[in-house]
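Bear in mind the structure is a predicted one, so any value in this text is a computation, not a measurement. Below, chain A is the first sequence line, B the second, and so on; all start at residue 1. Atom set for the values below is all heavy atoms of this structure, side chains included, hydrogens, waters and symmetry mates excluded.
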2 protein chains.
Amino acid sequence: MNIGQAANASGVPAKTIRYYESIGLLRPAPRSGGGYRVYDETDLSVLRFIQRARSMGFAVKDVSNLLKLWSDRERSSADVKAVAMRHIEEIDRKMAEMKSIRSTLVHLTHRCHGDDRPDCPIIDDLARNGS
Amino acid sequence: MNIGQAANASGVPAKTIRYYESIGLLRPAPRSGGGYRVYDETDLSVLRFIQRARSMGFAVKDVSNLLKLWSDRERSSADVKAVAMRHIEEIDRKMAEMKSIRSTLVHLTHRCHGDDRPDCPIIDDLARNGS
DNA sequence: GATGGTCCTTCCAGTATTGGGAAGGTCAAG
DNA sequence: CTTGACCTTCCCAATACTGGAAGGACCATC
């Protein structure tokens, strides 16, 4: 099948498939007589794997690791779990930061009238001198 | 003062100050005889404003808006509040996504032994066929 | 005045992950 | 044979910087 069919069947856009090939996440696809990339069911499985891992927020580098772990029948489940746990920690870190920012913003917006008058605690806070 | 001092006093790296100037977030700084950028207290206030807004996760484009709103004494507090509220919504969107991803990952990692055996629900889920 | 060290300058390139679009080749149908 | 859909490569845009190279400026010291 051509790249367009592979894209439709996997949910990974054709452009992104080419990009993944260019950075070495995917092996170069074999080409047809006319130079078109040709994919089979095995490639589709890989693309779907990648699509799912990316949709879970794994970075492409992590996906690369996960693909290697997937194809390694000898690897321990602990190796895979470690990748997932690191990702969870990363998510927790980001969520904590966002939560803190969010509460600051909510506090400020609650104190801001949001009417025609110019007085605004949000701007005042951003513009404050000192700490 | 030179860019280095401005960087130290504001918390915005010198390189980033130059970058902000290059994209038009900051007005081009006047230059000394030797071609060095020269900053004063007013510039410092602006840099600190930017630093705080960025640390609250506002995109550079939003910061640009906020700077304009800051310098506009006629603007209504509603305009500022709108920027902040949109940002809160964006944070909420991202947090919801992360939360959902997180719960999937936690679920999978709990079911993964994390030992020497290769059997691993995390990989199995990524590699599943169908839905 | 020469030297050294620290600061500054510009420019280029890279990070991560695509999306958009141009210019042109391939293929299947009518 | 033509049309249209699909494919190819290549370059540029976006976000928000960060690093480094090559070279100029400035200040203190020998």
From the 5' end of DNA chain D to its 3' end, which nucleotides mark the outer limits of contact with chain B, defined by a 4.0 Å heavy-atom distance cut-off (strictly under)?
-> D:dA16 to D:dC26
Walking DNA chain D from its 5' end, the first of B:Arg54 and A:Ile3 to be reached, judged by nearest nucleotide, is A:Ile3
Run the side-chain donor-acceptor check on residues 39-47 of chain B: report pairs under 3.5 Å with partners two or more places apart or on a different chain.
{"residue": "B:Asp40", "atom": "OD1", "partner": "B:Thr42", "partner atom": "N", "Å": "3.0"}
{"residue": "B:Asp40", "atom": "OD1", "partner": "B:Asp43", "partner atom": "N", "Å": "3.0"}
{"residue": "B:Asp43", "atom": "OD2", "partner": "B:Asp40", "partner atom": "N", "Å": "2.9"}
{"residue": "B:Ser45", "atom": "OG", "partner": "B:Glu41", "partner atom": "O", "Å": "3.2"}

Which residues within residues 11-25 of chain A lie with some heavy atom under 4.0 Å of an atom in DNA chain C?
-> A:Pro13, A:Lys15, A:Thr16, A:Tyr19, A:Tyr20
Which residues satisfy the salt bridge (Lys or Arg N to Asp or Glu O under 4.0 Å) test with B:Arg102, sequence neighbours excluded?
-> A:Asp92
Using side-chain contact (heavy atoms from CB on, under 4.5 Å) as the criterion, list what pairs up with B:Ser32, not counting sequence neighbours.
-> B:Tyr36, B:Val38
Residues two or more places apart in sequence or in another chain: which of them pass side-chain contact (heavy atoms from CB on, under 4.5 Å) with A:Lys94?
-> A:Glu90, B:Met98
Got a sec? Which of residues 28-38 of chain B come in under 4.0 Å of DNA chain C, heavy atoms?
-> B:Arg31, B:Gly35, B:Tyr36, B:Arg37
Scan for ring pair (Phe, Tyr, Trp, His ring centres under 6.0 Å) pairs involving residues 59-84 of chain A, sequence neighbours excluded, and state none if there are none.
-> A:Phe49-A:Trp70
Result block: side-chain N/O donor-acceptor pairs under 3.5 angstrom for residues 75-87 of chain B, not counting sequence neighbours:
{"residue": "B:Arg75", "atom": "NE", "partner": "B:Leu69", "partner atom": "O", "Å": "2.7"}
{"residue": "B:Arg75", "atom": "NH1", "partner": "A:Pro118", "partner atom": "O", "Å": "2.4"}
{"residue": "B:Arg75", "atom": "NH2", "partner": "A:Pro118", "partner atom": "O", "Å": "3.3"}
{"residue": "B:Ser76", "atom": "OG", "partner": "B:Asp79", "partner atom": "OD1", "Å": "3.4"}
{"residue": "B:Ser76", "atom": "OG", "partner": "B:Asp79", "partner atom": "OD2", "Å": "3.4"}
{"residue": "B:Ser77", "atom": "OG", "partner": "A:Gly114", "partner atom": "N", "Å": "3.2"}
{"residue": "B:Ser77", "atom": "OG", "partner": "A:Asp115", "partner atom": "N", "Å": "3.1"}
{"residue": "B:Ser77", "atom": "OG", "partner": "A:Asp115", "partner atom": "O", "Å": "3.3"}
{"residue": "B:Ser77", "atom": "OG", "partner": "A:Asp115", "partner atom": "OD1", "Å": "3.2"}
{"residue": "B:Ser77", "atom": "OG", "partner": "A:Arg117", "partner atom": "O", "Å": "3.2"}
{"residue": "B:Lys81", "atom": "NZ", "partner": "A:Thr109", "partner atom": "O", "Å": "3.2"}
{"residue": "B:Lys81", "atom": "NZ", "partner": "A:Cys112", "partner atom": "O", "Å": "2.8"}
{"residue": "B:His87", "atom": "NE2", "partner": "B:Met56", "partner atom": "O", "Å": "2.8"}
{"residue": "B:His87", "atom": "NE2", "partner": "B:Gly57", "partner atom": "O", "Å": "3.3"}

Would you be so kind as to tabulate the donor-acceptor pairs closer than 3.5 Å made by side chains of residues 16-23 of chain A, with sequence neighbours excluded?
{"residue": "A:Glu21", "atom": "OE1", "partner": "A:Ala29", "partner atom": "N", "Å": "3.3"}
{"residue": "A:Glu21", "atom": "OE1", "partner": "A:Arg37", "partner atom": "NE", "Å": "3.0"}
{"residue": "A:Ser22", "atom": "OG", "partner": "A:Tyr19", "partner atom": "O", "Å": "2.7"}

As a check of understanding: the bend across the helix from C:dG1-D:dC30 to C:dG30-D:dC1, end axes from five pairs, rounded to 10 degrees, works out to 30°
For A:Arg73, what residues pass the salt bridge (Lys or Arg N to Asp or Glu O under 4.0 Å) criterion, not counting sequence neighbours?
-> none
